[in-house]
Number of protein chains: 2
Amino acid sequence: MSYITEPELKNSEQGIALFSNNSSLQTGLLAKLIGEELQINCDVYREIEEVPKEISLLLVDCNGQNIEVLTSFIRDVHDKIDDVTAALLNAEHDSDHERLLDWPCVSGLFYVDTEQDQLIRGLHSLLDGDFWVPRRLLHRFLDKNRKAPSNFKRPNVKLTKRERQILKLIKDGATNADISEALSVSEHTVKSHLYNVYKKIGVRNRLEASNWVRDMDDLDTL
Amino acid sequence: MSYITEPELKNSEQGIALFSNNSSLQTGLLAKLIGEELQINCDVYREIEEVPKEISLLLVDCNGQNIEVLTSFIRDVHDKIDDVTAALLNAEHDSDHERLLDWPCVSGLFYVDTEQDQLIRGLHSLLDGDFWVPRRLLHRFLDKNRKAPSNFKRPNVKLTKRERQILKLIKDGATNADISEALSVSEHTVKSHLYNVYKKIGVRNRLEASNWVRDMDDLDTL
DNA sequence: CACCACGGACAATTATCTTTTCCAACGTGA
DNA sequence: TCACGTTGGAAAAGATAATTGTCCGTGGTG
């Protein structure tokens with residue numbers, strides 16, 4: 001086998017796409033700067049359709065875009081272009097721009113007042129597959145999303161395979177009829193299993209059972 | 001029964017508690033250092049019961065404690081001592097110690113190889129109410145916990161106040177009876193509201209409604 | 001023996017749909 | 001400005017259907 005790598009070829013194939021609807025003059029300059037500093041191809045696009053599928057990084061200029069357009073753009077990126085990492089440019093402080101980080105495809109955010117050298121450092125980081133997110137936003141996300149592990153005090157609830165299957169379906173809102181069809185058993189059987197599950201995990205009804213599942217630390221350990 | 005100083009009432013509200021089961025000699029030195037550097041009272045405790053309720057910061061020494069003990073200790077802190085911020089000391093890299101950050105009471109983490117000046121800076125930050133968490137862990141948390149906002153496509157579901165109230169209760173597993181009692185209305189009314197809600201948000205039953213709420217970006221915007 | 005499937009019988013809860021009551025906002029004419 | 005109808009939305013209630021939950025069984029299978 002060969003260990004030969006071809007960095008030149010790689011760089012020419014994969015570049016940075018800069019999506020912006022701003023004056024092509026400034027944006028072009030920025031693209032040029034990025035290209036020179038990172039030794040990578042950086043092209044400007046004004047329409048999402050033009051953006052090639054294979055790029056290493058997609059920079060989205062928030063400037064001049066309203067948040068709805070921006071959101072739907074990011075959604076498109078998330079849905080249509082698989083496996084691309086994106087980053088926001090010229091984001092406003094304490095704006096809805098910051099919420100776009102909820103999308104798993106967005107790995108970086110540069111504020112409108114970011115210095116050049118910071119931008120370059122961030123881009124390097126992003127190209128390496130790392131994040132570039134202001135610590136403040138990371139803290140906010142942690143603060144908002146973490147919660148006390150709730151199932152760690154569930155000592156030894158041993159669920160059978162069938163019971164686990166049914167619980168997973170419950171979690172997604174399946175009715176008894178749905179479950180009976182999905183597992184090709186009678187509704188009576190479903191009820192029996194559920195009845196046993198409720199007693200095992202100590203809940204009153206399917207809603208609490210669903211929440212029990214959804215609150216698990218790790219759904220796969222079910 | 002020892003050189004552990006009994007904190008005075010006035011100072012206890014502004015002090016740091018260092019919980020450790022390590023050699024009192026080193027730990028005592030650390031407490032002394034912290035006390036001098038931060039100009040704050042820092043006392044060592046070896047039993048959770050001894051830790052006073054009102055402290056500004058609780059440092060938990062991971063060294064020499066196994067993870068089960070640590071976890072149950074943090075749980076106790078979380079459950080019993082309300083409104084205290086804790087931080088982990090001497091955490092191992094890539095260990096279960098890091099998972100203790102899931103507990104909302106844990107705001108900081110210092111690895112076993114943390115330098116003195118970093119520790120001091122971190123403590124200052126924590127005393128200011130900020131976090132002190134390695135960026136790597138923040139990134140990992142972000143990566144693991146964020147997901148594409150699922151309610152962005154809900155165009156203009158206008159829920160009334162009552163409907164929002166009921167949805168919030170539903171989310172926590174309340175039955176119609178629970179809701180009727182909580183809101184002091186008849187069960188009939190609850191059913192009507194729910195019926196209307198189902199149609200508005202396009203779900204089949206209360207379980208899907210509950211999931212709809214739980215999948216919201218921001219529960220508060222409900 | 002634990003797990004799974006199935007069934008009956010009944011109770012309890014939930015879902016659907018219609019109707020009624022209440023209240024606040026709006027416009028109009030005197 | 002003040003009654004007055006009118007309107008529309010929300011809250012509430014009633015009646016009925018549908019689903020879910022409880023508890024008791026019976027076998028079958030590895």
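This is a predicted model, so every value here is computed, not measured. Here is how names work: the chains are called A, B, and so on, in the same order as the sequence lines, proteins then strands, and each is numbered from 1. Keep in mind that the numbers below use all heavy atoms, side chains included, and drop hydrogens, waters and symmetry copies.
Side-chain contact between A:Trp103 and A:Arg75: present, with at least one pair of heavy atoms (C-beta onward) separated by less than 4.5 Å. Under the 4.5 Å side-chain criterion, counting only non-hydrogen atoms from C-beta, B:Asp76 is not in contact with B:Glu49.
One can place CG of A:Leu183 at 10 Å from P of C:dC6, the figure rounded to the nearest angstrom. Per the geometry, CG belonging to A:Leu207 stands 9 Å off P belonging to C:dT14, to the nearest Å. Rounded to whole Å, atom C1' of C:dT19 lies 13 Å from atom CG of B:Asn196. Between the CG atom of A:Asn176 and the P atom of C:dC6 there is a distance of 14 Å, rounded to whole Å. Protein atom CD of B:Glu187 is 9 Å distant from nucleotide atom C1' of C:dT14, rounded to whole Å. Look at NZ on A:Lys191: it is 11 Å from C1' on C:dA11, rounded to the nearest Å. Spacing between atom CZ of B:Arg204 and atom P of C:dT16 amounts to 10 Å, rounded to whole angstrom units. A:His188 has its NE2 atom 6 Å from the P atom of C:dG7, to the nearest Å.
Heavy atoms of A:Ser192 sit under 4.0 angstrom from at least one base atom. Residue A:Ser186 is in sugar-phosphate contact alone, with no base atom involved, counting any heavy-atom pair closer than 4.0 Å across all strands shown. At the heavy-atom level, B:Lys161 lies nowhere under 4.0 Å from the strands shown.
The B:Tyr195 side chain lies nearest to C:dT16 when the options are C:dA5, C:dC4, C:dT16.
Checked for salt-bridge contact, A:Asp102 and A:Lys144 miss the test: no charged N lies under 4.0 Å from a carboxylate O. Between B:Asp94 and B:Arg140 there is a salt bridge, since at least one side-chain N of the basic residue sits less than 4.0 Å from a carboxylate O of the acidic one.
Note that the first and last nucleotides of DNA chain D, 5' to 3', having any atom under 4.0 angstrom from a heavy atom of chain A are D:dT20 to D:dC23.
Taking every heavy atom of both residues into account, A:Gly122 and A:Trp132 meet most closely at CA-CD2, 3.3 Å.
Annotation: ring-ring contact (aromatic ring centres under 6.0 Å, His included) contacts of B:His139 (sequence neighbours excluded): A:Phe131.
In this structure, the side chain of B:Ser107 does not engage the main chain of B:Ala86 through any donor-acceptor pair within 3.5 Å.
Ranked by how close their nearest DNA chain D nucleotide is to the 5' end, A:Lys199 and A:Ala174 are led by A:Ala174.
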